[in-house]
Amino acid sequence: MPTVYIDEIAKFQGQEVTLQGWVYNKTAKGKLIFLMLRDGTGLIQAVMFRDTVGDALFESTLALTQESSVRITGTVSEDKRAKGGFELQVSTLEVVHLAAEYPISPKEHGIDFLMEHRHLWLRSSLQHAVLKVRHEIISACRDYFDNMNFTLIDAPIFTPAAAEGTSTLFETNYFEDKAYLTQSGQLYMEAAAMAFGKVYCFGPTFRAEKSKTRRHLTEFWMIEPEVAFCDLEGDMELAEGLICAIVERVLDKRREELKRLERDLSKLECIRKPFPRLDYEDAAQILKEENSQFVYGDDLGAPDETIISARYDRPVMVTHYPAGVKAFYMKRDPERPDRALCVDLLAPEGYGEIIGGGQREDDLDTLLSRIHEHQLPVENYDWYLDLRKFGSVPHAGFGLGLERTVTWICGLQHIRETIPFPRTISRIYP
RNA sequence: UCAGGUGUAGCUCAAUCGGCAGAGCGGGUGGCUGUUAACCACUAGGUUGUAGGUUCGAGUCCUACCACCUGAGCCA
């Protein structure tokens, strides 16, 4: 008799099969028991009658607690009264482990309690759905780049120096020395792009920002492509294509999960190329019209991003920010030297920036003077500067924040549910 | 770091003007052959975040601290 998973149960109608999983819920009715079984692929109702299985098995099944693990053998039958349309008529049941009193009940809980029990909360259906969508988005990103012959190049986690500001670095001991947890794989991807042409990395990044908002984690995952002989325009097309590939894939493969999350699918179905492109000037004009607190010349704040994204039904790309608010490696616009050849992609519905990128400075002397202007220790960048000495070419790339993307796609209120074990300013447990 | 908010049973929350510490869920016991977060009856469960203070009397008022939540700045 086959041991099967719940998501393939329809194929076994009328047959006797064994399922392995956990007791999600139990309803006892005197002479029959309903067990909702969860196995990671889905839920199914199992029905056990006292007359069929005998008193001993019936009594031990009555004693089952929530999340006890079991092997159940029975006959698969179609039944309209059961959720999912199928149920298992139990013939035997083996208790693998009788669970202790489970802290998470089907009723409501506060966020702090749930986060304290994150290792168990993952079993709940909404968390399950979010992480399935996360997996699909990761898979879509990999396929997108792999299908265009990008090479995956892994960036290091320990780094000797900052890619951007030094105040937001996690410092750690490295034998007799100091090392920092990476904030971005970008500088390494620039090196890799000069070797492989089209590359990307996908890994965790760390920011010691003391941010306490629904958009911030101290540990989050980024996908960072970098392309040699690519300018800002090409970079934007690459970003646009990636977002469309993600949305398309999730709508195709994870529609059930999105429905369970009560996501308004029409908001995703209208995501198509081309995305509107706004120059920083255009963005500033919109913000002026909307009475924002925005100060011309500054970076966009979170409320500013919301105002701009509210005008469109798809992601917006804002380009050519003032160079002063951007990182040292950004190439300047030759026609407007106070502007950077950069792009931020703002997700719709006020979900904010999910992509930041642009064309990199490829001239050695210009890059050197930027490093000095930003008062960065030039000796840490010797290897990076080498890239401008040995066949420097125009190149561009960007970073996609995975968790912010998952937040948007799932329509969540907070980023903390989009990663299995979130790390925030106030949480490093479990 | 700053601003606002919350802290009462295992969980989610009540407690009127400062006057007996309560409910639902979850747990336990019993009942029920079609439940969908079942239902019915009974039952156990409390240092009201911590430390001080005011008062005849504090969950409630005051002070400090702690934890968490929501934002801002910064960023993906």
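Letters go in sequence order (proteins before strands), and every chain restarts at 1. If you're wondering where the values come from, they're calculated on a predicted model, not measured in any experiment.
Distance from the side chain of A:Thr213 is smallest for B:rG73 among the nucleotides B:rU33, B:rG73, B:rC69. Distance from the side chain of A:Arg416 is smallest for B:rC69 among the nucleotides B:rU35, B:rG73, B:rC69. The side chain of A:Glu209 approaches B:rC74 more closely than any other nucleotide in the set B:rU35, B:rC11, B:rC74. Distance from the side chain of A:Arg81 is smallest for B:rU35 among the nucleotides B:rA72, B:rA76, B:rU35. Listed nucleotides B:rU33, B:rA76, B:rG34 differ in distance to A:Leu217; the shortest reach to its side chain belongs to B:rA76. Which of B:rU1, B:rU35, B:rC75 sits closest to the side chain of A:Arg207 comes down to B:rC75. Listed nucleotides B:rC69, B:rG26, B:rU35 differ in distance to A:Lys212; the shortest reach to its side chain belongs to B:rC69. Set against B:rU33, B:rA76, B:rC11, the side chain of A:Met222 has B:rA76 as its closest nucleotide.
Remark: the separation of the C1' atoms in B:rU54 and B:rC62 is 7 Å, to the nearest Å. Between B:rU60 and B:rG49, the two P atoms lie 8 Å apart (nearest whole Å). Comparing the same atom, P, in B:rA15 and in B:rA9 gives a spacing of 15 Å after rounding to whole Å. Atom name C1', nucleotides B:rA58 and B:rG28: the rounded distance is 35 Å, in whole Å. One C1' atom belongs to B:rA41, the other to B:rC20, and the distance between them is 27 Å to the nearest Å. If you take atom P in B:rC2 and the same atom in B:rG18, they sit 32 Å apart, rounded to whole Å. Rounded to the nearest Å, the gap between the P atom of B:rC65 and that of B:rC25 is 41 Å. Nucleotides B:rU1 and B:rG57 are separated by 42 Å at their C1' atoms, to the nearest Å.
In terms of modelled atom types and a separation under 3.5 Å, the side chain of A:Asp304 and the main chain of A:Gly301 share a donor-acceptor contact.
The CD-P distance, from A:Glu59 to B:rG31, rounds to 9 Å in whole Å. Rounded to whole Å, the distance from CD1 on A:Ile111 to C1' on B:rC11 is 14 Å. Atom NE2 of A:His216 is separated from atom C1' of B:rC69 by 17 Å (rounded to the nearest Å).
Stacking annotation: A:Phe220 is stacked on the base of B:rA76 (ring centroids less than 5.5 angstrom apart, interplanar angle below 30 degrees).
Base pairing of B:rG52: its partner is B:rC62, meeting the Watson-Crick or G-U wobble criterion (both donor-acceptor distances under 3.5 Å). Under the Watson-Crick or G-U wobble criterion, with both distances below 3.5 Å, B:rA21 is left unpaired in every strand shown. Of all nucleotides present, only B:rC69 satisfies the Watson-Crick or G-U wobble test against B:rG4, with each distance under 3.5 Å. B:rG26 is unpaired under the criterion used here, namely a Watson-Crick or G-U wobble arrangement in which both key atom distances are under 3.5 Å. Of all nucleotides present, none satisfies the Watson-Crick or G-U wobble test against B:rA76 with each distance under 3.5 Å.
Between A:Arg215 and B:rA72, a side-chain N or O to OP1/OP2 separation shorter than 4.0 Å is present. Of the side-chain N and O atoms in A:Lys210, one or more sit less than 4.0 angstrom from OP1 or OP2 of B:rU1. Contact annotation: A:Ser426 side-chain N/O to B:rC69 OP1/OP2 distance is under 4.0 Å. When the side-chain nitrogen and oxygen atoms of A:His414 are compared with OP1 and OP2 of B:rU70, one or more of them lie within a distance under 4.0 Å.
Here A:Gly110 lies in heavy-atom contact (under 4.0 Å) with sugar-phosphate atoms only. Counting non-hydrogen atoms under 4.0 angstrom, A:Ile355 reaches the backbone sugars and phosphates but no base. At a threshold of 4.0 angstrom between heavy atoms, the contacts of A:Gln45 include nucleobase atoms, whether or not backbone atoms are also involved.
Using a 4.5 Å cut-off on side-chain heavy atoms (C-beta onward), A:Ile419 and A:Arg134 make contact.
Between A:Asp344 and A:Gln413, the one whose closest nucleotide on RNA chain B sits nearer the 5' end is A:Gln413. Nearest-nucleotide positions on RNA chain B place A:Ser105 closer to the 5' end than the other of A:Ser105 and A:Val47.
Side-chain to base pairing of A:Ser211 with B:rC74: one donor and one acceptor N or O lie within less than 3.5 Å of each other. For B:rC11, the base has no donor-acceptor partner in the side chain of A:His109 [N/O atoms by modelled type, under 3.5 angstrom]. Between the side chain of A:Arg404 and the base of B:rC75 there is at least one donor-acceptor pair of N/O atoms closer than 3.5 Å. Between the side chain of A:Glu87 and the base of B:rG34, a donor-acceptor pair under 3.5 Å is found.
The number of heavy atoms from other shown groups lying within 6.0 Å of CD (A:Glu262) does not exceed 12.
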Take A:Ile409 and A:Leu258 through the test side-chain contact (heavy atoms from CB on, under 4.5 Å) and record every step on the way to the result. CA-CA 8 Å; A:Ile409 296 286; A:Leu258 291 176; 4.2 Å; yes
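Ring to ring, A:Tyr296 and A:Tyr280 are close: their centroids are under 6.0 angstrom apart. Two rings, from A:Tyr188 and A:Trp383, have their centers less than 6.0 Å apart.
Under the 3.5 Å distance criterion, with hydrogens and angles disregarded, no donor-acceptor pair is assigned to the side chains of A:Asp299 and A:Tyr321. A donor atom on one side chain and an acceptor atom on the other are not found under 3.5 Å apart for A:Thr218 and A:Glu209.
For B:rC17, the base is syn relative to its sugar; the glycosidic angle is within 90° of 0.
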